[in-house]
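Scroll down for the structure; my scribbles are underneath it.
Counting starts at 1 for both ligands and their atoms, in listed order.
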Amino acid sequence: MSKREDYISWNEYFMGLALLSGKRSKDPTTQVGACIIDEDKKIVGIGYNGFPLGSSDDNMPWGKQGDFLETKYPYVVHAELNAILNSIKSLKGCTVYVTHFPCNECAKAIVQSKISRVIYLSDKHKDKDSFKASKRILENAGIKIEKISFGSKKIILDFDETNL
Ligand SMILES: Nc1ccn([C@H]2C[C@H](O)[C@@H](COP(=O)(O)O)O2)c(=O)n1
Ligand SMILES: [Zn+2]
């Protein structure tokens, strides 16, 4: 019997984990996931966007417009920051896979934690100033930035045990 040839690539594996992590997000508009790996391709941090620990989701707003204090924006912890805060070791030289290009606040945290590469899937917020600032922060710090695309590739997770 010869080996399987249609196994997933490392990029598909780690971005897949970032996408799966984003599925935990309760944000009704944008679900973001991040997965940090070290130079040995070991997963060292993972996260998604959500309210801070202990903040009941039922008491916090998920809106986007109107009174700033009644929107999600001042309260949500971004996926990249959660992945950094959840990390189990120093992140020097690590790579972060993130479903959406980091904002300026996450870019600062990425730089400060010495992550050296950002691989992202979507730049849907690219016209916002915070994302222009973020690109500047990352580029100025010499962080490698890569957009990956898998075309229309889909990975289906089947939880039916009889199909395993
Ligand atoms: N790189 C990013 C970008 C965004 N987020 C979070 C922050 C919010 O929960 C949501 C964006 O909401 P929208 O303005 O699209 O309604 O995504 C993140 O965690 N990391
Ligand atoms: Zn952010």
Shortest non-hydrogen contact from L69 to P74?
CA-CG, 4.4 Å
Residues Y7, Y13; criterion side chain to side chain contact (heavy atoms under 4.5 Å, CB included); working and verdict
CA-CA 10 Å; Y7 56 90; Y13 178 49; over 6 Å; no
Enumerated ligand 1 atoms positioned under 4.0 Å from heavy atoms of Y73
13 (P), 14 (O), 16 (O)
Minimum heavy-atom separation for N49 to V76, with atom names?
CB-CG1, 3.9 Å
Note the single closest protein heavy atom to atom 2 (C) of ligand 1, along with its residue, its atom name and the distance in Å.
E80 OE2, 3.4 Å
To which protein heavy atom is atom 12 (O) of ligand 1 closest, and what is the distance rounded to 0.1 Å?
K72 NZ, 3.0 Å
Side chain, backbone, both or neither: K64 near ligand 1, heavy atoms under 4.0 Å
side chain
Is a donor on one side and an acceptor on the other found under 3.5 Å between the side chain of S134 and the backbone of P102?
yes
Separation between OG of S116 and CG of L138, rounded to the nearest 0.5 Å
11.5 Å
Ligand 1 contact by V76, heavy-atom criterion under 4.0 angstrom:
yes
Tell me: protein heavy atom nearest atom 15 (O) of ligand 1, and distance?
T30 OG1, 2.5 Å
Nearest 0.5 Å please: distance from the OG1 atom of T99 over to the OH atom of Y120.
12.5 Å
Which protein non-hydrogen atom lies closest to atom 19 (O) of ligand 1, naming both residue and atom, and how far is it?
A79 N, 2.9 Å
Identity of the N, O or S atom of H78 lying closest to the Zn ion (ligand 2)
ND1
Looking only at non-hydrogen atoms, find the nearest pair between E80 and C103 and report the distance.
OE2-N, 4.2 Å
Using a plain distance cutoff, I'd like to know if V77 has any nitrogen or oxygen under 3.5 Å from a nitrogen or oxygen of ligand 1.
no
Going through the checks in order, is the side chain to side chain contact (heavy atoms under 4.5 Å, CB included) test met by K124 and H100?
CA-CA 7 Å; K124 82 167 191 175; H100 295 67; 4.2 Å; yes
Could you grab the distance from atom CD1 of I110 to atom CG of L81, nearest 0.5 Å is fine?
9.5 Å
Measuring from non-hydrogen atoms of F101 to any atom of ligand 1, is the shortest distance under 4.0 Å?
yes
Can you list the ligand 1 atoms lying under 4.0 Å from a non-hydrogen atom of K128?
14 (O)
Nearest-contact summary for atom 7 (C) of ligand 1 - protein heavy atom, Å
H78 NE2, 3.2 Å
Identify, for atom 6 (C) of ligand 1, the protein heavy atom at the shortest distance, and state residue, atom and that distance.
N49 ND2, 3.5 Å
Does H125 have a heavy atom less than 4.0 Å from any atom of ligand 1?
yes
Looking at L81, V32, V98, the heavy atom closest to atom 4 (C) of ligand 1 belongs to V32
Within this structure, what is the CZ-CG distance for the pair F150 and L121, rounded to the nearest 0.5 Å?
6.5 Å
Positive for side-chain contact (heavy atoms from CB on, under 4.5 Å) with Y97, one of I43, L17, I36, N11:
N11
Should K26 be listed as contacting ligand 1, given a heavy-atom distance under 4.0 Å as the test?
no
For atom 9 (O) of ligand 1, closest protein heavy-atom neighbour
D27 OD2, 2.7 Å
Say whether P102 and ligand 1 are in contact under the criterion: heavy-atom distance to a ligand atom below 4.0 Å.
yes
